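Because the structure is a prediction, the values reported are computed rather than measured.
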Amino acid sequence: DSHYISLAPIRAGDSYSAWSLVLSMPMSVISQKANESQKISLIVGIISLLILIVVLVLVASSLTRPIVKITNSLESLSHGKITDDLMLNLNTGDEIEAMAKALNRSLEGLNRKSKFANDIGNGLLESKLELLGEDDALGQSLIEMRNSLKKAKEDEQKRAADDKKRTWANEGFAKFADILRQNNDDLQKLTDIILKNLVKYLDGNQGALFIISDDEKKEPFLEVASIYAWDRKKYIDMRIQLGEGLVGACALEGESIFLTEIPDDFVTITSGLGEATPNCILIVPLKQDEVILGVIEIASFKVFEPFEVEFLEKIAESIASTIASVKINAKTKLLLEQSQQQAEEMQAQEE
């Protein structure tokens, strides 16, 4: 074993003899402490390094884990997936948490937009959409699309309603043209069948048709030519002077009268449920070339639409024209009969 030897000269008094103090120690004894300190330092260093690695791994994991979650959510979102499981719940208290909250708001907005788009696709055009903000271009585009579809649907419904009204009116014109053509030789039959079909076609409840008298010796007045589903006792031999009541006012002024607020004691409709005040009364003049020939009055529980009022006013012109023709034919027939009778009387006198 190697030793460490140290010499220290010693001079004893005035002696000329050389003395030395020799110290000899084995090297293993000297280096033992140093080796122990080195081992301790190495162990401490290794432990410190391991602790540092663990800390770094934990810190790195705490930073990368939420970033990985955000990345995964963005990756799924980029492929069109929009579900609630993409929502993140991070409480890191830093910018990463702010990123997660921003992503959550975007997902919520996309979910709302997806539901809104589905509602529009299913025809629920009254569905509402809450925008993420003033700069939400996608949301505003969806709302504009909804509004355009809503307007297109409303326009289509309006066109369909207008077509239905035109079809209803055209069918009515054709129907009453046939009635007028087939019943132009008997005034009583004509007024009865016209009034009955008018009340039914307009979905009314009762009606009356008045014709101005032809008695040239008396002032013109309105007399009942036909009634339908009304109290017949009220109109037996009833005469209305021009300007008297609503019917007389209509005949005098030549303008239609449309009432939707009917006094309780004005008129009643009798049905299987009893008597009740109508909700609507429509009085239209029978006018030909500004000449008033009569008046039609119809009462109904339903309020007539403007197109129905217009229809009756147009039909009234055709009715007036047919009534005028029937009256002329009747007068002509009467004159022919009188002329024939006079001729027969003269012939008899001559004989």
Side-chain angles (χ1 to χ4, degrees), residues 165 168-169 172-173 175-176 179-180 187 190-214 218-271 275-324 327:
K165 292 174 183 177
W168 179 87
F173 291 141
K175 173 184 177 70
F176 286 99
I179 292 175
L180 293 174
L187 184 59
L190 173 66
T191 55
D192 286 342
I193 195 169
I194 278 292
L195 181 63
K196 174 183 176 181
N197 282 276
L198 273 177
V199 173
K200 289 185 176 180
Y201 199 74
L202 290 170
D203 197 19
N205 295 91
Q206 58 190 26
L209 194 152
F210 304 84
I211 294 180
I212 292 182
S213 66
D214 293 329
K218 299 180 181 180
E219 292 185 2
F221 60 89
L222 289 165
E223 58 182 351
V224 175
S226 178
I227 56 176
Y228 178 78
W230 218 307
D231 183 4
R232 290 181 176 271
K233 296 180 180 180
K234 179 178 180 181
Y235 289 108
I236 292 178
D237 298 330
M238 180 177 179
R239 296 184 177 185
I240 300 176
Q241 300 298 323
L242 298 185
E244 180 185 355
L246 293 177
V247 173
C250 177
L252 182 64
E253 298 175 3
E255 299 292 337
S256 299
I257 297 176
F258 184 51
L259 298 178
T260 55
E261 296 182 1
I262 315 300
D264 293 337
D265 58 349
F266 183 78
V267 68
T268 58
I269 294 177
T270 302
S271 66
E275 294 185 349
T277 303
N279 295 318
C280 170
I281 290 180
L282 177 59
I283 306 173
V284 177
L286 300 176
K287 184 165 50 176
Q288 182 190 33
D289 299 329
E290 302 303 321
V291 177
I292 306 299
L293 300 178
V295 171
I296 292 178
E297 179 182 10
I298 297 179
S300 175
F301 285 128
K302 81 161 194 175
V303 177
F304 294 122
E305 298 289 339
F307 74 93
E308 294 174 315
V309 176
E310 182 181 359
F311 170 79
L312 182 57
E313 290 175 339
K314 290 183 178 180
I315 286 294
E317 297 176 2
S318 299
I319 296 173
S321 178
T322 304
I323 289 175
K327 283 187 172 183

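The side-chain heavy atoms of Phe304 and Phe311, taken from C-beta on, include no pair separated by under 4.5 Å. Contact check for Cys250 versus Pro285: side-chain heavy atoms found under the 4.5 Å cut-off. For the pair Glu261 and Asn279, the minimum side-chain heavy-atom distance is 4.5 Å or more. Residues Ile211 and Leu187 have side chains in contact (heavy-atom distance under 4.5 Å, counting atoms from C-beta outward). Pro220 has its side chain within reach of Leu242: a pair of non-hydrogen atoms, C-beta onward, lies under 4.5 Å apart. For the pair Ile298/Ile281, no side-chain contact is recorded, criterion being any heavy-atom separation below 4.5 Å from C-beta on. The shortest distance between side-chain heavy atoms of Ile179 and Asn197 falls below 4.5 Å.
With hydrogens and angles ignored, the 3.5 Å screen pairs a side-chain donor or acceptor of Tyr201 with a backbone N or O of Gly172. Glu308 contributes a side-chain N or O that, together with a main-chain N or O of Glu305, makes up a donor-acceptor pair within less than 3.5 Å. In terms of modelled atom types and a separation under 3.5 Å, the side chain of Thr322 and the main chain of Ser318 share a donor-acceptor contact. Looking at Asn205, its side chain does come within 3.5 Å of a backbone N or O of Phe301 through a donor-acceptor pair. For the pair Lys287 (side chain) and Ala320 (backbone), a donor-acceptor distance under 3.5 Å is absent.
How far CG of Leu286 is from CG of Leu209: 5.5 Å, rounded to the nearest 0.5 Å. Atom CG of Leu180 and atom CZ of Phe173 lie 12.0 Å apart (nearest 0.5 Å). Atom CD of residue Glu297 and atom CZ of residue Phe210 lie 5.5 Å apart, to the nearest 0.5 angstrom.
Heavy-atom neighbours of Lys314 NZ from other residues, nucleotides or ligands within 6.0 Å: at or below the threshold of 12. For CD of Glu255, the number of neighbouring non-hydrogen atoms (other residues, nucleotides, ligands) closer than 6.0 Å is 12 at most.
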Self-check item: Ile212 and Phe221: CA distance, side-chain angles, deciding distance, side chain to side chain contact (heavy atoms under 4.5 Å, CB included) verdict
Solution: CA-CA 5 Å; Ile212 292 182; Phe221 60 89; over 6 Å; no
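In this model, a donor atom of one side chain and an acceptor atom of the other lie less than 3.5 Å apart for Ser256 and Glu313.
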